Participant: 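Can you read through this structure? Questions will come right after.
None of the values given here were measured: they were computed from a predicted structure. Chain naming here is simple, since letters A, B, ... match the order of the sequence lines and numbering starts at 1 in each. Keep in mind that the numbers below use all heavy atoms, side chains included, and drop hydrogens, waters and symmetry copies.
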Protein chains: 2
Amino acid sequence: MYSISEVAEQLDIKPHTLRYYEREGIIEPDRNKNGNRYFTEAHVNWLTFVKKLRETQMPITQIKEYANLYLEGEHTSLQRLQLLEDHQRSIQEQIHNLKTTDEMLERKISLYKEHLRTKEPN
Amino acid sequence: MYSISEVAEQLDIKPHTLRYYEREGIIEPDRNKNGNRYFTEAHVNWLTFVKKLRETQMPITQIKEYANLYLEGEHTSLQRLQLLEDHQRSIQEQIHNLKTTDEMLERKISLYKEHLRTKEPN
DNA sequence: AGTTGCCTTAAAGTAAACTTTAACCTTTAT
DNA sequence: ATAAAGGTTAAAGTTTACTTTAAGGCAACT
């Protein structure tokens, strides 16, 4: 069981952001008698996954959708699978796009280097 | 020479966005006698490049920096090269990050599929 | 008892990159 | 000459994902 600040430090997410995620319905931590949030290992695993999804541009709304499906139980696994597959496709598009621009930059950089080699140096 | 709406259509960027880019100092189109913007082939090439940079997450401020260096002339080519190299590094990091998550998703997707195969179908 | 530190909530603020609105002017077609 | 199409500007609004502020509660050390 981890306190909000422990989880925040572990995952490098601010406590406020974790509360925001709760408001958004992305996570529902347990509470102790004082009303303080407590996170289990499972919560931390889920948040780690969420972080990965965010880092790869999945919008909060979609993450929430996935979370809701999970809470609805077993019978939503097909929909969850489809959500993940959609996101995987988005990731692969992103990779493709980045690679294309990487190549373009590579060419442009070569030209700059060539130019700097042949011009009189400063 | 293209009007703002022609360029907008060609590049799939709204006219307003082009004006916004101008305010930000990213582009300086020519003007005709009526004050209307006119874009040359060179302008379009530059905007195409800008679009690629934006699509790969280069912030407007950095693009502006590159544009300013270009306008300052020849003697800034080393700095421009460095800007491009920095961005290339950022792109490669993004690719790496995306690939990692892609693999994680691949594993998770397999588990879901396995699960759906073995459970009684709906 | 007081202060420090961490917690709570609700609500307002921020940053980036546009996007929309409002008010107006020109040119072209009818 | 009048309306439609498309241009102009400045300024306000939007979206997403937080982040900060305000106002306060609780517990533990000194």
Participant: Identify, between A/Glu6 and B/Met58, the residue whose nearest nucleotide on DNA chain C lies closer to the 5' end.
Facilitator: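 With A/Glu6 and B/Met58 compared, the 5'-side residue is A/Glu6.
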Participant: Do any side-chain nitrogens or oxygens of A/Lys14 fall under 4.0 Å of OP1 or OP2 in D/dT20?
Facilitator: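 It does, given that an N or O in the side chain of A/Lys14 lies less than 4.0 Å from OP1 or OP2 of D/dT20.
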Participant: Between B/Tyr66 and B/Arg80, is any side-chain donor less than 3.5 angstrom from a side-chain acceptor?
Facilitator: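 Their side chains do not contain a donor-acceptor pair, so the 3.5 Å distance test is not met.
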Participant: Under 6.0 Å from the NZ atom of A/Lys108, do we count more than 12 heavy atoms belonging to anything else shown?
Facilitator: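 Not buried by this count: 12 neighbours or fewer within 6.0 Å.
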Participant: Taking any heavy-atom pair under 4.0 Å as a contact, classify A/Pro15: base, sugar-phosphate, or nothing.
Facilitator: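 The answer is nothing, as A/Pro15 stays clear of every strand by at least 4.0 Å.
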Participant: Would you say a side-chain N or O of B/Thr61 is under 4.0 Å from OP1 or OP2 of C/dA16?
Facilitator: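 For B/Thr61, the contact criterion (side-chain N or O under 4.0 Å from OP1 or OP2 of C/dA16) is not met.
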Participant: If you measure only the distance, is there a donor-acceptor pair under 3.5 Å linking the side chains of B/Glu74 and A/His115?
Facilitator: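 Result is yes, a qualifying pair exists.
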Participant: Nearest whole angstrom, please: distance from the P of C/dC18 to the CD of B/Glu55.
Facilitator: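 Rounded to the whole Å, the gap is 11 Å.
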Participant: With B/Glu9, which residues qualify under side chain to side chain donor-acceptor pair (under 3.5 Å), at least two apart?
Facilitator: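 Per chain and number, B/Glu9 pairs via side chain to side chain donor-acceptor pair (under 3.5 Å) with no residue.
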Participant: Students often get this wrong, so: under 4.0 angstrom with heavy atoms, is A/Arg19 touching a base, only sugar-phosphate, or nothing?
Facilitator: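 Here A/Arg19 touches the bases of the nucleic acid.
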Participant: Quick one: is C/dC18 close enough that its OP1 or OP2 comes under 4.0 Å of any side-chain N or O from B/Tyr21?
Facilitator: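 The answer is yes; a side-chain N or O of B/Tyr21 sits under 4.0 Å from OP1 or OP2.
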Participant: So, OP1 or OP2 of C/dA17: does either fall under 4.0 Å of a side-chain N or O from B/Thr17?
Facilitator: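 Answer no for this pair, as no side-chain N or O of B/Thr17 is under 4.0 Å from OP1 or OP2.
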Participant: Looking only at side-chain N and O atoms, does B/Arg37 come under 4.0 Å of OP1 or OP2 in D/dG6?
Facilitator: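 For B/Arg37, the contact criterion (side-chain N or O under 4.0 Å from OP1 or OP2 of D/dG6) is not met.
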Participant: Determine whether any donor atom in the side chain of B/His16 lies under 3.5 Å from an acceptor atom in the base of C/dT21, or the reverse, and answer yes or no.
Facilitator: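 Answer yes: a donor N or O sits under 3.5 Å from an acceptor.
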Participant: Both A/Gly35 and A/Arg23 contact DNA chain C. Which one's nearest nucleotide lies toward the 5' end?
Facilitator: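 First, find each residue's nearest nucleotide; the 5'-ward one identifies A/Gly35.
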